[in-house]
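The structure appears below as structure tokens.
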Amino acid sequence: MSTLSTAEKEALAEFYEGACKNNKRTRRWIWIRFSAVVLLLSVRSLVAIFFPEQFATLFSNSAVYFETVTYRLYLFLPLTVVYAIAFWLRVYLREASLAAAIILATLLWADIELHLAQHATLTEIWSGHIALRVACVILATMNFFAAGRMTRTS
């Protein structure tokens with residue numbers, strides 16, 4: 001039966017502490033990016049509610065527009081809670097990050113199609129909305145890669 005020397009135990013402890021610090025930093029950055037996505041999408045949803053003329057709509061009725069906005073909010077809230085639970089419990093974080101990136105990319109594509117079907121021109125406000133969506137997709141994708149890195153090191 002072989003035992004570890006004191007120097008070997010110290011080297012292993014140092015390696016373990018370094019990995020823990022790295023995972024803590026990665027988790028902090030995942031949380032910061034997640035919070036940024038939630039903040040950006042919350043601001044965007046408030047703008048959609050209070051300034052509906054800023055968004056492309058193919059609906060002739062404003063009630064249908066508000067139903068669509070509230071439907072997206074009803075999807076956004078549970079998905080945010082599920083992602084936060086995955087983050088805190090450290091289970092399925094990589095999968096939750098991938099799902100978030102895919103959902104955000106799908107909504108980005110839907111917004112682009114909706115705008116091009118209605119206006120077919122670039123405006124500053126529309127470009128800002130799309131840039132916000134692209135930023136959210138990029139942040140969610142970065143969280144996916146960070147979660148994958150974190151699971152490989154643990």
Side-chain angles (χ1 to χ4, degrees), residues 4 7-52 54-58 65 68-154:
L4 297 174
E8 290 171 330
K9 288 180 183 178
E10 289 174 5
L12 286 173
E14 185 177 322
F15 174 76
Y16 176 74
E17 289 172 8
C20 288
K21 288 179 187 175
N22 189 27
N23 277 347
K24 286 180 184 178
R25 187 176 69 209
T26 303
R27 284 179 49 81
R28 186 180 77 226
W29 277 106
I30 288 173
W31 186 254
I32 289 170
R33 287 189 290 259
F34 170 68
S35 300
V37 168
V38 169
L39 177 71
L40 290 173
L41 291 178
S42 298
V43 168
R44 188 177 188 279
S45 63
L46 288 174
V47 170
I49 291 170
F50 293 113
F51 303 105
Q54 302 297 325
F55 290 86
T57 58
L58 292 177
Y65 171 78
T68 304
V69 171
T70 54
Y71 174 73
R72 281 189 174 190
L73 286 175
Y74 288 146
L75 288 176
F76 174 68
L77 294 174
L79 292 175
T80 303
V81 170
V82 166
Y83 191 92
I85 290 171
F87 177 81
W88 287 112
L89 295 179
R90 298 179 189 172
V91 291
Y92 299 116
L93 181 60
R94 186 174 181 193
E95 290 82 0
S97 298
L98 180 62
I102 290 172
I103 290 168
L104 290 170
T106 304
L107 291 173
L108 168 69
W109 190 263
D111 286 347
I112 290 172
E113 283 183 343
L114 184 62
H115 180 79
L116 291 177
Q118 185 177 3
H119 297 293
T121 60
L122 292 176
T123 63
E124 295 83 16
I125 294 173
W126 181 78
S127 298
H129 291 300
I130 296 304
L132 186 134
R133 285 282 188 165
V134 169
C136 290
V137 171
I138 289 171
L139 291 172
T141 305
M142 289 171 69
N143 275 357
F144 168 71
F145 289 122
R149 231 181 0 241
M150 201 167 65
T151 55
R152 280 194 302 272
T153 60
S154 57

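Screening residues 78-89 for salt bridge (Lys or Arg N to Asp or Glu O under 4.0 Å), with sequence neighbours left out, gives no hits.
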Side chains of residues 79-105: which donor-acceptor partners sit under 3.5 Å, not counting sequence neighbours?
from  : atom 1 : to     : atom 2 : distance (Å)
Thr80 : OG1    : Phe76  : O      : 2.7
Tyr83 : OH     : Ser97  : OG     : 2.8
Tyr83 : OH     : Asn143 : ND2    : 3.2
Ser97 : OG     : Leu93  : O      : 2.9

Let me have the donor-acceptor pairs involving side chains of residues 131-138, under 3.5 Å, with sequence neighbours excluded, atom names and distances please.
from   : atom 1 : to     : atom 2 : distance (Å)
Arg133 : NE     : Asp111 : OD2    : 3.1
Arg133 : NH2    : Asp111 : OD2    : 3.1

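Distance check, rounded to the nearest 0.5 Å: CG of Leu40 to OG of Ser45 gives 11.0 Å. Rounding to the nearest 0.5 angstrom, the gap separating the CZ atom in Arg27 from the CD1 atom in Ile30 is 7.5 Å. Atom CG of Asn23 and atom CZ of Arg149 lie 10.0 Å apart (nearest 0.5 Å).
Residues passing the side chain to side chain donor-acceptor pair (under 3.5 Å) test with Trp29: none are found, sequence neighbours excluded.
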